[in-house]
**Q** 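One structure, as structure tokens, below. Some questions next.
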Number of protein chains: 2
Amino acid sequence: MQDTPNRPYHHGDLRRAIIETALEMLRAEANWQFTLREVARRAGVSHAAPYKHFPDKAALLAELAMIGFDRLREALMKAKPEASRSLLEEITPIARAYVAFGTDNPALYRLMFSAEEGRAVGMHLNERALAVFEVVLEMLGSGQAAGNIRKRPIRGQAAAVWSLIHGMTMLAIDGLLVPEKVGSAPLDAALSTLVEGLEIPQPNT
Amino acid sequence: MQDTPNRPYHHGDLRRAIIETALEMLRAEANWQFTLREVARRAGVSHAAPYKHFPDKAALLAELAMIGFDRLREALMKAKPEASRSLLEEITPIARAYVAFGTDNPALYRLMFSAEEGRAVGMHLNERALAVFEVVLEMLGSGQAAGNIRKRPIRGQAAAVWSLIHGMTMLAIDGLLVPEKVGSAPLDAALSTLVEGLEIPQPNT
DNA sequence: ACCTGAACACCGTTCAAGT
DNA sequence: ACCTGAACACCGTTCAAGT
């Protein structure tokens, strides 16, 4: 696919090719044992070539994880509704987009949260992950300002929202939170429980 | 440790020894690349010996994961308070015990939720995992019966509780939900948000 | 400056042979 | 019935050598 018929000795942009090949393979198979050699093989280069562009396997994984976080953040921002009357209307599409990102890209999502090495190396992985947290934070901030949300420490509320959605995504990927096992539409049900804890109680409760 | 000085040719109870050695190693190092050969080495047997007791590496991982779920369930039941006046009083010690289990045994906890193979093999891993879900379910059931909890579909509420606590545990293990980064005492803050969504609104809100 | 091929130290898994 | 040792096909990583 990315190897030209008369591929020259020098690839041209092997770095990008490696990343794209890896992302493709992550998308294709959910339970794939990530292998540097296989990535190189499919990119059409020797297994030693990647080492000219990444210090080691962990560095590539960290890079992929960062891309994953960036994409997740974009997906969340795109899902953000223009205007919304209630918190549930605001939070539901974002939460849906989040879980959908995870279940559509299970291997990548897992990778994003298991790159221990990448995190230890001191790369910008943590910051990228916390950028997702910021999206949640902003949403809650505007909700509090609009008077839709209980006045509580906002970082605590954000921790609750992120934890719940991240946990649900993980359980969904693991096949543990599917309708047959846990009741129908677990996302919506869990979400409304969460929203009831965030929003200011209405008279008709 | 578990290899006697004059160990005979036949180990006696190698199956148990392998499991215990593996658990020990999981406890010792948080970011350990699980290696069948290293387990065998530390158990004092050849690297082929484990294959007489487990069909393959995935089977051993699945077994360890099941043990992990059993221990988690025990820890939760032990943490369950005798009597409790409010939902927060009931749920807080359980949630604390859950997160503590994860942060105390990060490698094992990760393993429990990443044994894709073990789940596919059709072992009883899923059932063991869902037994944890049952603990949450029971707690909410008694809470609803006592009139502490909003009358909502209970499986949805349980999905919210398990997702939030699982997500928080994972984020804590990943070092993403620590006080410095996310505000102080994220567990307590998130928990009170969740509890506000579960319990029937009090007049003094 | 970028890539290859051989080499090294590891894995998981199998299988004939040992006790 | 249970364990070992050699063997096979794989990895990640390094390094001299090629273009």
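Hydrogens, waters and symmetry mates play no part in the numbers below; they use all other heavy atoms, side chains included. Chain identifiers are assigned alphabetically (A, B, ...) following the order of the sequence lines, protein sequences preceding nucleic acid strands; residue numbering begins at 1 within each chain. What you are looking at is a predicted structure, and each value in this text was computed from that prediction instead of being measured.
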**Q** Report the nucleotide, chosen from dT4(C), dG12(D), dT4(D), that has the shortest atom-to-atom distance to any side-chain atom of S46(A).
**A** dT4(C)

**Q** Taking any heavy-atom pair under 4.0 Å as a contact, classify F34(A): base, sugar-phosphate, or nothing.
**A** sugar-phosphate

**Q** Nearest whole Å is fine: how far is dG12(D) P from I18(A) CD1?
**A** 13 Å

**Q** Does dG12(C) pair with anything, Watson-Crick or G-U wobble, both distances under 3.5 Å, and if so, with which nucleotide?
**A** dC8(D)

**Q** I need the CG-P distance between D56(A) and dC15(D), as an integer number of Å.
**A** 14 Å

**Q** Where each residue is assigned the nucleotide of DNA chain D containing its nearest heavy atom, which of D13(B) and L36(A) is assigned the position nearer the 5′ end?
**A** D13(B)

**Q** In this structure, which one of V135(A), I149(A), N148(A) forms a side-chain contact (heavy atoms from CB on, under 4.5 Å) with L140(A)?
**A** I149(A)

**Q** Output the single nucleotide from dT13(D), dT4(C), dG12(C) whose closest atom is nearest the side chain of K57(B).
**A** dG12(C)

**Q** Hey, which sits more toward the 5' end of DNA chain C by its nearest nucleotide, R37(A) or A49(A)?
**A** A49(A)

**Q** Give me the ring orientation class for H166(B) and Y109(B): parallel if the planes are under 30° apart, tilted from 30 to 60°, perpendicular past 60°.
**A** tilted

**Q** Answer yes if the ring centres of F69(A) and F133(A) are under 6.0 angstrom apart, and no otherwise.
**A** no

**Q** Check every strand shown and say whether H47(B) touches a base, only sugar-phosphate, or nothing at a heavy-atom separation below 4.0 Å.
**A** base

**Q** Give the rounded distance in Å between these two atoms: CZ of R15(A) and C1' of dC2(C).
**A** 14 Å

**Q** Would you indicate whether E29(A), at its atom CD, is surrounded by more than 12 heavy atoms from other residues, nucleotides or ligands within a distance under 6.0 Å?
**A** yes

**Q** Identify whether any heavy atom of T35(A) sits under 4.0 Å from a base atom; if not, whether one sits that close to sugar-phosphate; answer base, sugar-phosphate or nothing.
**A** sugar-phosphate

**Q** How close or far is atom P of dA1(D) from atom NE2 of H53(B), stated in whole angstroms?
**A** 13 Å

**Q** In the strands shown, is dC3(C) matched to any nucleotide by a Watson-Crick or G-U wobble pair with both distances under 3.5 Å, and which?
**A** none

**Q** Taking for each residue the nucleotide of DNA chain D bearing the nearest heavy atom, is the 5' side occupied by K52(A) or by E38(A)?
**A** E38(A)

**Q** Look up atom CZ in R27(A) and atom CG in L23(A), then write down how far apart they are to the nearest 0.5 Å.
**A** 7.5 Å

**Q** Between dC3(C), dG5(D), dT14(D), which one does the side chain of L14(A) approach most closely?
**A** dC3(C)

